[in-house]
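Have a look at the structure below before the remarks.
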Number of protein chains: 2
Amino acid sequence: MMHFLKTVFHRYRHIGAYGLSIAVLVFLLKWLQWNFLIVDNSLDIYIGLIAVLFTVLGIWIALQLTRGRKADVVTVHQVQIVEAEPFRVDQVELEKLKLTTREYEVLQLMVKGHSNAEIAESLFLSLSTIKTHASNLFVKMDVTSRTKAIEKAKRLRITA
Amino acid sequence: MMHFLKTVFHRYRHIGAYGLSIAVLVFLLKWLQWNFLIVDNSLDIYIGLIAVLFTVLGIWIALQLTRGRKADVVTVHQVQIVEAEPFRVDQVELEKLKLTTREYEVLQLMVKGHSNAEIAESLFLSLSTIKTHASNLFVKMDVTSRTKAIEKAKRLRITA
DNA sequence: CGGACGTTCATACTTTGGTATGAAATTGAA
DNA sequence: TTCAATTTCATACCAAAGTATGAACGTCCG
């Protein structure tokens, strides 16, 4: 019950603030009215002050009302911005090929554009070993050249 | 000169509208002042009317000022939403390379995994012509082999 | 233990890729 | 029209990729 009241008060706190402002204004105006009208007798300045005061009040009210709406819009769109897409290896397709660890390593370096000689250097192996791994993985991938292997690896999403 | 004036009037049309409103209001108020003060002698009602009137005016002004800003916010976020994932050729990077039409065609088929012989068949050209195009595009792309050309083309997003 | 599998390497050979050079035809702009 | 760029093709040669075969070593598993 207390929680319900708190919620209600919180929800309509702007209206409460507005009512309070009105009350304060009425006292202020009565004081001004007494000063200007009774003491100085200058009605036009008094009217002018009221006009400016309530114009500012109107602006403030409108800003309070629209601020919430603008925030909502921003939030909705931010949810859609989080649509990013990092690369993920298709483990299913990868395991279908039954590549060995070394063969997959060689394939990954191939996709990066490395030559057999460069791959041999990277893995501290001889050129002939790389050729063997390459030839074997071509058979498993059912291709006849490194360029087709690269294209298929990209298409099946088994390398970055 | 006339165009300049038009532009200025258009840019500050809101301020002009506000000034006009003020003028109209002054006449209205003077008329009301005469009615209430001289005729009915009820100052409080007159003040109340002014307060309500200028509150509404303030709200209207604030809405005019914020309407444009809200539209801007929405537009900014929509631009980011348009950043979807379908592949787009990076025309800037592509034009930097200054590839000829044929060279680009050969590159595209290379990326698809085709051999020089297959590319020659596809484009109804001789093998030696493909080799020439390939060699020339390698120089322009600053690479030394087709696999590096493929990797770079993918990285720069100049082929699908 | 023995055999399947993976890894490494070598040699020999064929195919493909890549460079160099030259040349002819075409096209578009100065 | 003249000139530069593009496109086409050829020949020759070297480098790299790819295939085939064999062999040695280590690990894991039934």
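Protein chains get the first letters and strands the later ones, always in sequence-line order, with residue 1 at the start of each.
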Q | A:Lys112 side chain vs B:Glu151 backbone, donor-acceptor pair below 3.5 Å | A | no

**Q.** Side-chain (B:Tyr104) to main-chain (B:Thr159) donor-acceptor, under 3.5 angstrom
**A.** no

Q | Selection: residues 139-149 of chain A, any non-hydrogen atom under 4.0 Å of DNA chain D | A | A:Thr144, A:Ser145, A:Arg146

Euclidean distance, atom [atom1] of residue [X] to atom [atom2] of [N] [Å, nearest integer]:
X	N	atom1	atom2	value
A:Leu99	C:dC5	CG	P	16 Å
A:Glu103	C:dT8	CD	P	11 Å
A:Lys98	C:dC5	NZ	P	11 Å

Q) Is B:Phe87 linked to B:Ile150 within one hydrophobic cluster, defined over Ile, Leu, Val, Met, Phe, Trp and Tyr using a side-chain heavy-atom separation of less than 4.5 Å? A) yes

Q | DNA chain C-proximal residues of residues 115-138 of chain A, any heavy atom under 4.0 Å | A | A:Leu125, A:Ser126, A:Ser128, A:Thr129, A:Thr132, A:His133

(Q) Below the 4.0 Å mark, does C:dT7 have OP1 or OP2 next to a side-chain nitrogen or oxygen of A:Thr100? (A) yes

Q.
With a cut-off of less than 4.0 Å, is there a side-chain N or O of B:Arg102 near OP1 or OP2 of D:dT8?
A. yes

Q. Does the side chain of B:Thr100 come within less than 4.5 Å of B:Glu103's, by heavy atoms?
A. yes

Q: Answer yes or no: is there an ion pair linking B:Lys148 with A:Glu118, defined by an N-O contact shorter than 4.0 Å?
A: yes

Q. Are more than 12 heavy atoms from other residues, nucleotides or ligands located less than 6.0 Å from atom NZ of B:Lys140?
A. yes

(Q) Among A:Glu93, A:Gln91, A:Glu95, A:Lys152, which residue satisfies the side chain to side chain contact (heavy atoms under 4.5 Å, CB included) criterion with A:Ile158? (A) A:Glu93

Q. Have B:Thr129 and B:Ser126 got a donor and an acceptor in their side chains that come within less than 3.5 Å?
A. yes

